[in-house]
Amino acid sequence: MKDEFVLSKTNLPYWLRQLRKKADLIGPLRSLNGDIIFSSIVNIHEMILDCPASIPSPKEFLFPQKEEMYKFSQKGVNTLNDNGKRIIFGVRSCDISAIALLDRFYGGLLEDDFYMSRRRNTCFISIACNNPDPTCFCSGLGTGPALKTGFDLQFTDLGDRYLVQAGSREGLRMINGFMHLFLLPEKADRDDQYEVLLSSQSIFEKRITLENVRQKILAGKVPDSFWESVASRCFECGGCVYECPLCTCFNVIDWKEKDNKGTRMRLWDTCMFKGFTKMAGNVLPAGKKIMRTKRWYFHKLLYYPEQFGRFGCVGCGRCTITCPGRIDIATIANKLD
Amino acid sequence: MKKISTVCPYCGCGCGLYVHVEKDIITGVSPVRNHPVNKGSLCVKGWNCFEFVQHPGRLKYPLIKKDGVFKKSSWDEALDWTAENLLKVKEKFGPDSIGMLSSAKCTNEENFLMMKFSRAVVGTNNIDHCARLCHSSTVGGLAKAFGSGAMTNSIDEIDSSRVLFVIGSNTTEQHPMIGMHMLDAVDRGATLIVADPRKTQIAEFAKIHLRHRCGTDVALLNGMMNVIINEGLVDLDFVRRRTENFDDFEKIVMRYPLDIAEKITGVPAVDIRRVARIYATEKRSMLFYSMGITQHITGVDNVRSCANLVMLTAHIGLPMTGLNPLRGQNNVQGACDMGALPDVYSGYQKVTDKKARKKFESAWGAKLPSVPGRTLTEMFDAAGGEIRAMYIMGENPVISDPDASHVTEAIKKLDFLVVQDIFMSDTAELASVVLPAVTFAEKDGTFTNTERRVQKLKKAIRPVCGAMPDWRIISELSKRMGYEMEYGATHEIMEEAALLTPSYGGILHHRLNNFGLQWPCPGIDHSGTTFMHRKAFTKGMGSFIPIDFVPPAEPVDGDYPFILTTGRISFHYHTGTMCRRTSTLEREEPDCFVEINPADAESLGIKTHDRLSVSSRRGEIVVNASVTDRTPEGIVFIPFHFREAAVNLITNPALDPTAKIPEYKVCAVNIAPVVPKPDEEGKFFSRRENR
């Protein structure tokens, strides 16, 4: 299913305003600090679409850092599923690729109710990236700057108008009913789109092929001394995992209140912490930093391809921005390649 | 989903972060990417700083203790009762019988009000806060040398410096985002020198790591300066033009040739010489220090020695060139700036200075006391005697002060104790009345970070049911004690502070939107100061102060053969009021431990996880052993976050004579394995008490 339309920039605010009547519209805004943040849109014209990457990744809308799961009391348990409808506008292609993998993880053999309930109620309108950051490397992984499949709606900025591609039934539904706002594309539109993608490709500063790194690790050519030097720079902040659009670790905790009431919730967790795999008697199977650093990299570079046929990295560059020790995946891959 | 830009409540880095809010519930945080300090990164505490805010254990209503039991009360009742009792004590014993502890965790506005409350409402200069325990030696020491006690440079200058000399700071763990800038500088080719008895993470990146004996910093620095003078590396022009008292200083330094410095510090002479040469010959040299320098009976001496070194080599007054004390708490710089100290008003204007006092008296319409008040440590010594009541805002001295059992005893002797906090702390347990305050996410105000950057804090959620911002509590209390404090919002308080504080003259809320301003900022058209002491020192000429080495107060002996040094770890913060209610942090480091060198461990037959008794002349705690070569032979290290094994039960309350800072970093202890004993039922293992 792939339908293409053209939407004039003049019509965009009207269309979004109509969509907003049925859902919380979330999009990229420039904060007072100059950062790009995704939050609920009050003034549609304030959205910034040719922006640098946001921190954190849009996984926060499907799998928030803190999510209340159940309220319990002596009377019983009350499940707290989030059923709020959301439309997230302006998401980058890399993040859409990541969500496709998250869907396979949380919606696979064991379905995660909390994730899926949010997922069913969330539509993503992605943007073919025309302004990649210096930290981005999705082009080498096939996860951007534009996607061929896997999106709901994909926008390409053609200057005065957008080329809109619908890739799913949900995507089409957002357009249906507003057909009077959209035109059908002509050859000039497709030519313009191709030019945008070409010029976007030329902006990338990083050329990283994770496959070479994977082969090197598999061939045993990366000694432990290398990982030791990587681990020595780790600040144990957890930022790489918190910001990774693909990382799925969480921890479950209970908050007990008076009168035998309480809340069970889950919080983002990271395999970079020694306590993540702590066992009874304070035994720490991954007590040394090098074990955890290796595990994270091996998971991304070796186990993900085995399990899902894709790398556990979409090249969004967020770990490069956030890692205080500069041992992010792009830096390490550059060193190994 | 809203994202509110605010400032992290943990350490002095002052990182910018967004608090994510959905339906008045905090769902997470994320770093500010453009922030000059953290640049899109956060440490583990920052990433998890939201969890305690809506914790069910938060205090939600005032508590009044009657017949030894806390009873729930209304705000009116609690405030009336507090005002009544404070007035009673004031009438009976005089205003100086009341002591106030302000808080480095609260905003500038709240500290300013607390200071006003103490001086104008109660009428005493007995106001202090935990800076007494961390950087009082810096405030005093640098005031005398330069005229102003704060970081001279900015954090984002670190990347471009050429030499980093870090002494007594575990930077990557305690100020992770400053550590990040340091590693960046090293990656760009800067030379890192670390002086620390422990092999900290930052020391692993050092070109030279000096592991001097605990408490011998003066000898080490004098040794370095001796080399610099003897080898002609002194910047004579600078010494002549900008400083005074060089000759007296030189005489003392000449008493520390390398062989003597080596004997005292245990550092090879050749290393001292190398470090002296590297530091002296590179202009873009930044010196960093922290608690390893300040928490000694010679804290002020240590600080002044650092200042001497900086002046000797003219490493000050330029970008990437200066002396940088790293302040611990998120707003300890601000609490000092706002005058929550017994001897100064805001902006370090002395209470003994008639002109300054007159200015404050006319602004506040009250007669102010002229004699400096008691310090934090002195207040507890006088408790039950000359101090009859205390008002403690956002501090937990029962865990944080040295010889903690002494503090507990002292507090019990008080007639009346008010504690204002967000959780039931160990200190609050002893209070006569507990007033529930709010966290960083529930109020407006400003924090001043370690680089003097005054940043705006923004309210993200409504206060949890029943709690009130500290500044409102203080103004309500003040009203009930007969002094009107009419403030509609925090920016009005800041306006008053700016009016009365020269260095904050241009610091007004509406000017702080773009990552704040760095003081000194004397006027509304001033854009702040990124590096200090340009062209002249704050006090005019910089003063060399001759410093002789004095050994620590408590040497090791046959009964207590180990040196105990204390500090923090990256997953926890101070007495744990916030971080120990954060599941991730608590899971990572749930138990107290003592680090001991493998050689010492072997001679005592100790393995990691063994239970050890660590005892000093003041008490004993039982902790798990952690055998590691991070800590050198003869020294053991214990973090001070854990109430169940509070290391401050055994630390030495010996004080620096001028700054009154206790010697947390050195005391003599004995170590012995704990032999497990069966309980009454004959069992060796019993269920651990639920925390």
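These figures come from a predicted structure and were not determined experimentally. Each chain gets a letter, A, B and so on, in the order the sequences are listed, and its residues count up from 1.
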Hey, could you give me the [atom1]/[atom2] distance between [X] and [Y], rounded to the nearest 0.5 Å?
X: R587(B); Y: F276(A); atom1: CZ; atom2: CZ; answer: 7.5 Å
X: S583(B); Y: D254(A); atom1: OG; atom2: CG; answer: 10.5 Å
X: M1(B); Y: L25(A); atom1: CE; atom2: CG; answer: 13.5 Å
X: S39(A); Y: K2(B); atom1: OG; atom2: NZ; answer: 10.0 Å
X: Y242(A); Y: S30(B); atom1: OH; atom2: OG; answer: 13.0 Å
X: F235(A); Y: M180(B); atom1: CZ; atom2: CE; answer: 7.5 Å

Can you tell which part of [X] gets under 4.5 Å to a heavy atom of chain A, answering side chain, backbone, both or neither?
X: I26(B); answer: backbone
X: T584(B); answer: side chain
X: H181(B); answer: neither
X: N514(B); answer: side chain

If I measure from the heavy atoms of chain B, does [X] come under 4.5 Å with its side chain, its backbone, both, or neither?
X: D35(A); answer: both
X: I253(A); answer: side chain
X: I321(A); answer: both
X: E68(A); answer: side chain
X: K274(A); answer: both
X: C319(A); answer: neither
X: K261(A); answer: neither

Polar side chain donor-acceptor pair, S31(A) to Y18(B), under 3.5 angstrom
yes
Would one find more than 12 heavy atoms of other residues, nucleotides or ligands at under 6.0 Å from atom [atom1] of [X]?
X: K60(B); atom1: NZ; value: yes
X: K458(B); atom1: NZ; value: yes
X: K71(B); atom1: NZ; value: yes

Quick one, L585(B) with F273(A), criterion side-chain contact (heavy atoms from CB on, under 4.5 Å). Give me CA distance, side-chain angles, the key distance, then yes/no. CA-CA 10 Å; L585(B) 302 176; F273(A) 292 152; over 6 Å; no
Any donor-acceptor pair under 3.5 Å linking the side chain of [X] with the backbone of [Y]?
X: E257(A); Y: P56(B); result: no
X: E236(A); Y: V44(B); result: no
X: Q201(B); Y: S232(A); result: yes

Would you mind reporting whether [Y] and [X] have side-chain heavy atoms less than 4.5 Å apart?
X: H20(B); Y: K66(A); result: no
X: L183(B); Y: R233(A); result: yes
X: S40(A); Y: E22(B); result: no
X: N33(A); Y: N513(B); result: no
X: T27(B); Y: Q65(A); result: no
X: T322(A); Y: R33(B); result: no
X: C237(A); Y: K45(B); result: no
X: V241(A); Y: W47(B); result: no

Of the listed P64(A), G239(A), G238(A), the one with the largest count of heavy-atom pairs under 4.5 Å with chain B is G239(A)
Max heavy-atom pairs within cutoff under 4.5 Å with chain B, candidates I55(A), N251(A), I36(A), goes to I55(A)
Between P590(B) and K278(A) the two heavy atoms that sit nearest each other are CG-NZ, 3.4 Å
Best-contacting candidate, [options], against chain A by heavy atom pairs under 4.5 angstrom:
options: M177(B), E204(B), E51(B); answer: E51(B)
options: V32(B), I25(B), T172(B); answer: V32(B)
options: H55(B), E173(B), K39(B); answer: H55(B)

| salt_bridge(R326(A), D187(B)) N-O dist < 4.0 Å | no
